[in-house]
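Side chains included, hydrogens not; waters and symmetry mates left out as well; all remaining heavy atoms used. By convention in this document, chain letters (A, B, ...) are assigned in the order of the sequence lines, proteins followed by strands, and residues within each chain are numbered from 1.
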2 protein chains.
Amino acid sequence: MGRPATDKRARLVAAAVQLFHHKGYARTSIADVAKTARMPAGNVFYFFKAKEDLARAVVDDWCRMLADYLAVHDSQPDYESRIEGFIENACAISGMYVSLGCPLAGLARDLRHEGNALTAEASRVYAVQFEWLIGQFTLGGYSVPEATAHTRLLMAGYHGAILMAHAQGDPTLIADEVAHLKSWLKNLPRPASRSTRRRA
Amino acid sequence: MGRPATDKRARLVAAAVQLFHHKGYARTSIADVAKTARMPAGNVFYFFKAKEDLARAVVDDWCRMLADYLAVHDSQPDYESRIEGFIENACAISGMYVSLGCPLAGLARDLRHEGNALTAEASRVYAVQFEWLIGQFTLGGYSVPEATAHTRLLMAGYHGAILMAHAQGDPTLIADEVAHLKSWLKNLPRPASRSTRRRA
DNA sequence: GTCTATATATTGATAGAC
DNA sequence: GTCTATCAATATATAGAC
């Protein structure tokens with residue numbers, strides 16, 4: 001169906017992804033987005049009939065980017081190395097987390113304040129990480145309830161450390177939590193039943 | 001010095017505390033605050049010459065409220081019971097956390113997006129909890145570095161679980177983390193040196 | 001001290017020329 | 001499809017009557 005041949009829509013989404021992270025959703029104007037994407041303000045409404053629709057496109061883009069990033073870990077041979085890679089990545093980008101906060105946390109919070117229309121979108125942004133982690137623990141031989149419980153603790157500690165590091169302006173909060181989570185992961189009780197891959 | 005005899009200022013701050021939590025800082029207008037506090041909009045600027053100053057007063061109010069709440073735990077006989085009370089409180093108010101998110105997280109994030117003028121204020125909101133927890137662990141005999149490390153892990157898991165529960169709309173994320181943290185606290189290695197209060 | 005205007009800027013969104 | 005001009009609503013903040 002008649003999508004435009006240009007990359008204008010993609011440029012608008014990319015600009016919105018960045019600005020929603022840097023300034024927040026409410027403080028980012030359509031004019032801001034258009035300017036960052038190097039086009040006139042009125043043009044935005046050709047691609048998105050309302051700011052809400054732009055927000056939905058931004059959520060879609062984050063889900064896609066997160067899935068792409070998580071796929072990078074697929075080259076690791078076992079589930080534990082893949083999860084460890086996920087955990088350690090927080091250290092690699094802790095500077096961004098400290099200065100701007102987690103983009104997922106920001107987006108989820110912002111969208112919940114924009115009326116019921118966007119509340120459902122807010123829940124989607126973390127779902128990709130949740131599902132990937134549950135899938136990895138399951139591959140490691142844990143039952144789905146076990147994998148879910150482990151994932152929830154991991155996600156809480158992981159994103160909580162980012163939250164604290166941002167609020168306190170201190171990247172060592174992330175480094176300490178990463179070290180703690182790696183140790184926690186290594187000392188996790190082995191799954192009771194069959195494991196599709198041996199080794200810790 | 002010439003403070004007004006009425007409670008209008010306090011009513012404005014209370015209204016702002018509530019609205020900043022429910023709607024976020026950017027989406028809360030001065031008119032909203034005045035209306036909630038039952039007075040005309042123009043009146044706000046007699047007490048706060050700018051919206052920024054209202055934000056500062058809201059941060060002050062949160063620091064005071066947090067200190068008052070933490071003092072409730074002083075009746076507990078030992079540091080471990082006091083920290084346990086702090087942890088368990090997340091369950092008691094998990095409904096509020098799920099529907100509105102943590103007010104501290106929201107305020108901290110919102111203020112960081114309002115230019116450099118309010119960034120410093122954003123760091124203050126968690127400081128009361130950090131310092132109280134470090135103080136409790138220290139009373140339990142831990143060294144200041146040990147107490148700080150324990151506090152940082154606790155704060156990350158605690159506030160991370162609230163963040164996830166809000167984003168996913170699921171209070172069991174908080175209940176599970178609370179159970180985990182209580183077990184973690186109980187199994188924490190005893191401090192090496194003198195302890196001002198015996199017992200786990 | 002308190003409240004009623006109102007100034008001024010910016011917002012999301014639309015209409016219509018090209 | 002693209003862009004200009006502009007609307008209507010809402011925001012913070014001020015001036016000045018009471």
### Task
Ignoring backbone atoms, establish whether A:Asn43 has a side-chain N or O less than 4.0 Å from OP1 or OP2 of D:dC3.
yes
From CG of B:Leu12 across to P of C:dT2 the rounded distance in Å is 11 Å
Rounded to whole Å, the CZ-P distance (B:Arg9 to C:dT2) equals 13 Å
When rounded to whole Å, the CZ to P distance for the pair B:Phe48 and C:dG1 reads 14 Å
Where does the angle between the aromatic ring planes of A:Tyr142 and A:Phe137 fall among parallel (under 30°), tilted (30 to 60°) and perpendicular (over 60°)? perpendicular
Notebook entry, point to check: Between A:Thr172 and B:Arg152, does a side chain to side chain donor-acceptor pair (under 3.5 Å) hold up when you go through it step by step?
Noted result: CA-CA 10 Å; A:Thr172 67; B:Arg152 287 151 64 102; 2.7 Å; yes
Rounded to whole Å, NZ of A:Lys49 lies from P of D:dG1 at a distance of 18 Å
For nucleotides 7-11 of chain D, tabulate all protein N/O to nucleotide N/O atom pairs closer than 3.5 Å, reporting atom names and distance.
none

> Across the strands shown, which category fits B:Ala41 at heavy-atom distances under 4.0 angstrom: base, sugar-phosphate, nothing?
Replying inline: nothing
Quick check on the hydrophobic clustering: are B:Leu104 and B:Met65 connected, directly or via other members, by side-chain heavy-atom contacts under 4.5 Å?
yes
Item to check | Any donor-acceptor N/O pair, A:Arg190 side chain to A:Gly141 backbone, under 3.5 Å | outcome: no
Any donor and acceptor pair, going by atom type alone, linking the side chain of B:Asp32 with main-chain N or O of B:Ser29 inside 3.5 Å? yes
Considering only heavy side-chain atoms of A:Lys8, the closest of D:dC3, D:dA13, C:dC3 is D:dC3
Any donor-acceptor N/O pair, A:Glu146 side chain to A:Ser143 backbone, under 3.5 Å: yes
Report task. Give a yes/no on whether any side-chain N or O of A:Tyr46 is located under 4.0 angstrom from OP1 or OP2 of D:dG1. Result -> yes
Ranking B:Ala50 and A:Met39 by the position along DNA chain D of their nearest nucleotide, the one closer to 5' is A:Met39
To the nearest angstrom, the CZ-P distance between A:Phe45 and D:dT6 comes to 18 Å
note: B:Leu118, atom CG; D:dT12, atom P; distance rounded to Å ~ 14 Å
Rounded to whole Å, the NZ-C1' distance (A:Lys35 to C:dT11) equals 16 Å
Of D:dT2, C:dG12, C:dC3, the nucleotide closest to the side chain of A:Thr6 is D:dT2
| Would you say the side-chain atoms of A:Ser183 pair up with the backbone N or O of A:Ala179, donor to acceptor, closer than 3.5 Å? | no
From CZ of A:Phe20 across to C1' of C:dG12 the rounded distance in Å is 12 Å
